[in-house]
Amino acid sequence: MKTSNLSVLRVIFCFAAIALATNVSSGQENTAIWEGVYTAEQAARGEAVYTATCIACHGQDLGGNSNSPGLVGMGFMFLWEGRTLGVFYEKIQAEMPTDRPGQLPAKDYLNVVAYILHKNAFPEGDEELPSSVEALDSIAIVSKP
Ligand code: HEC
């Protein structure tokens, strides 16, 4: 390939990268979350984590109790719309469960995020959630497009 072709490719690649980055930061147009970002099996594993470690405070239906916030529905979207799964994951990992924050295996935190997405009616797909926070940060929590 000639050098000139190569530099044209480079320019195209740059524009694609910028377009991608802009899309992610603008949040609202980033609807990847509606294309299936976790698997059914992963949500099932997350349910086991939830039942063992979260249910006492956040409730069987994830509706919360008088001391703990609900994790589903309008309340969830009110707080999390426009923010990313990376931020959501990191908050849970840093602060939950409140009596021993950060003490679960990283996989458990990831799986419980999948379960919470499942309970909020986000669709399941063929691939599990990415395990890096960077990749999770490219997925915005947005209402159904
Ligand atoms: C001992 C009670 C308790 C347990 C167990 C617990 N939480 Fe919480 N959780 C709370 C309280 C209280 C808050 C609100 C204060 C805060 O945000 O730190 C909270 C906040 C949250 C939030 C933020 C809610 C929001 O929308 O801002 C999420 C998400 C969450 N918990 C998930 C979990 C998950 C997942 C687990 C299990 C791994 C868990 N919690 C275990 C008491 C608990």
Side-chain angles (χ1 to χ4, degrees), residues 6-145:
L6 235 159
S7 45
V8 167
L9 269 184
R10 253 190 221 124
V11 169
I12 292 174
F13 180 80
C14 259
F15 274 116
I18 291 167
L20 206 71
T22 319
N23 191 22
V24 165
S25 58
S26 67
Q28 300 306 311
E29 292 106 58
N30 175 355
T31 55
I33 200 163
W34 288 100
E35 284 149 30
V37 291
Y38 66 91
T39 66
E41 297 78 55
Q42 186 174 30
R45 275 181 268 131
E47 180 172 13
V49 174
Y50 184 87
T51 307
T53 33
C54 321
I55 207 167
C57 297
H58 292 286
Q60 174 146 35
D61 58 0
L62 284 70
N65 63 22
S66 47
N67 300 314
S68 310
L71 306 176
V72 285
M74 304 248 297
F76 174 83
M77 283 315 278
F78 180 76
L79 278 165
W80 290 97
E81 174 125 47
R83 295 160 85 186
T84 71
L85 283 188
V87 174
F88 187 61
Y89 170 85
E90 282 196 308
K91 173 163 176 104
I92 296 177
Q93 190 183 38
E95 299 176 13
M96 295 295 130
T98 50
D99 49 340
R100 48 191 174 100
Q103 297 303 297
L104 308 182
K107 274 278 164 210
D108 284 7
Y109 283 113
L110 199 61
N111 294 340
V112 87
V113 167
Y115 178 61
I116 295 170
L117 291 179
H118 169 70
K119 296 303 267 184
N120 279 285
F122 292 104
E124 58 210 33
D126 300 330
E127 287 199 40
E128 302 206 338
L129 285 172
S131 55
S132 83
V133 172
E134 213 184 354
L136 288 171
D137 259 336
S138 71
I139 307 170
I141 300 171
V142 292
S143 309
K144 198 164 188 164

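Counting starts at 1 for both ligands and their atoms, following the listed order.
The main-chain N or O of Ala94 is never found under 3.5 Å from a side-chain atom of Tyr109 such that the two would form a donor-acceptor pair.
At least one heavy atom of Phe88 sits under 4.0 Å from some atom of ligand 1. Taking 4.0 Å as the cut-off, Ala56 does not count as a neighbour of ligand 1 on heavy-atom distance.
For ligand 1, the atoms lying closer than 4.0 Å to a non-hydrogen atom of Trp80 are 25 (C), 26 (O), 27 (O). Within the listing of ligand 1, atoms 18 (O) sit less than 4.0 angstrom from a heavy atom of Glu95.
Residue contacts with ligand 1, taken as heavy atom pairs separated by less than 4.0 Å, involve Pro69 solely via side-chain atoms from C-beta onward.
In summary, Cys57 places no N/O/S atom under 2.8 Å from atom 8 (Fe) of ligand 1, failing the contact criterion. Among the atoms of Thr98, no N, O or S atom falls under 2.8 Å of atom 8 (Fe) of ligand 1.
The residue from Met77, Met96, Lys91 that puts a heavy atom closest to atom 33 (C) of ligand 1 is Met96. The heavy atom nearest to atom 12 (C) of ligand 1, considering only Asn67, Asp99, Val112, is found in Asn67. Nearest to atom 22 (C) of ligand 1 by heavy atom, out of Leu71, Leu79, Ile55, Ile92, is Leu71.
With respect to atom 36 (C) of ligand 1, the closest heavy atom belonging to the protein is Cys54 SG, 2.7 Å. In this structure, atom 5 (C) of ligand 1 lies nearest to the protein heavy atom Thr53 O, 3.2 Å. Considering only non-hydrogen protein atoms, atom 42 (C) of ligand 1 sits nearest to Ser68 OG, 3.5 Å. Atom 10 (C) of ligand 1 has its closest protein heavy atom at His58 NE2, 3.6 Å.
Below 30°, between 30° and 60°, or above 60°: for Phe122 and Trp34 the angle between ring planes is between 30° and 60°, a tilted geometry. Ring geometry, His118 versus Tyr38: the interplanar angle exceeds 60°, so the pair is classed perpendicular (tilted spans 30 to 60°). Between Phe76 and Phe88, the angle of the ring planes goes over 60°, which puts this pair in the perpendicular group of the 30/60° scheme.
Every N/O-N/O distance between Tyr50 and ligand 1 stays at or above 3.5 Å. Remark: ligand 1 and Tyr109 share no N or O pair separated by less than 3.5 Å (distance only, no angle test).
With values rounded to the nearest 0.5 angstrom, Ile141 atom CD1 is found 7.0 Å from Thr84 atom OG1. Taken from CG in Asp61 to CD1 in Ile55, the straight-line distance is 9.0 Å, to the nearest 0.5 Å.
Side-chain contact between Arg45 and Glu128 is present, with heavy atoms from C-beta onward closer than 4.5 Å. Between Asn67 and Cys57, the closest side-chain pair of non-hydrogen atoms is not below 4.5 Å.
Shown here is Glu35, whose CD atom has more than 12 heavy atoms of other residues, nucleotides or ligands within 6.0 Å. Around the CG atom of Asp99, the shell of radius 6.0 Å holds more than 12 heavy atoms that belong to other residues, nucleotides or ligands.
For the 3.5 Å distance criterion, the side chains of Glu127 and Thr39 fail to qualify, holding no donor opposite an acceptor.
Under the 4.0 angstrom criterion, atom 15 (C) of ligand 1 counts as lacking any protein heavy-atom contact.
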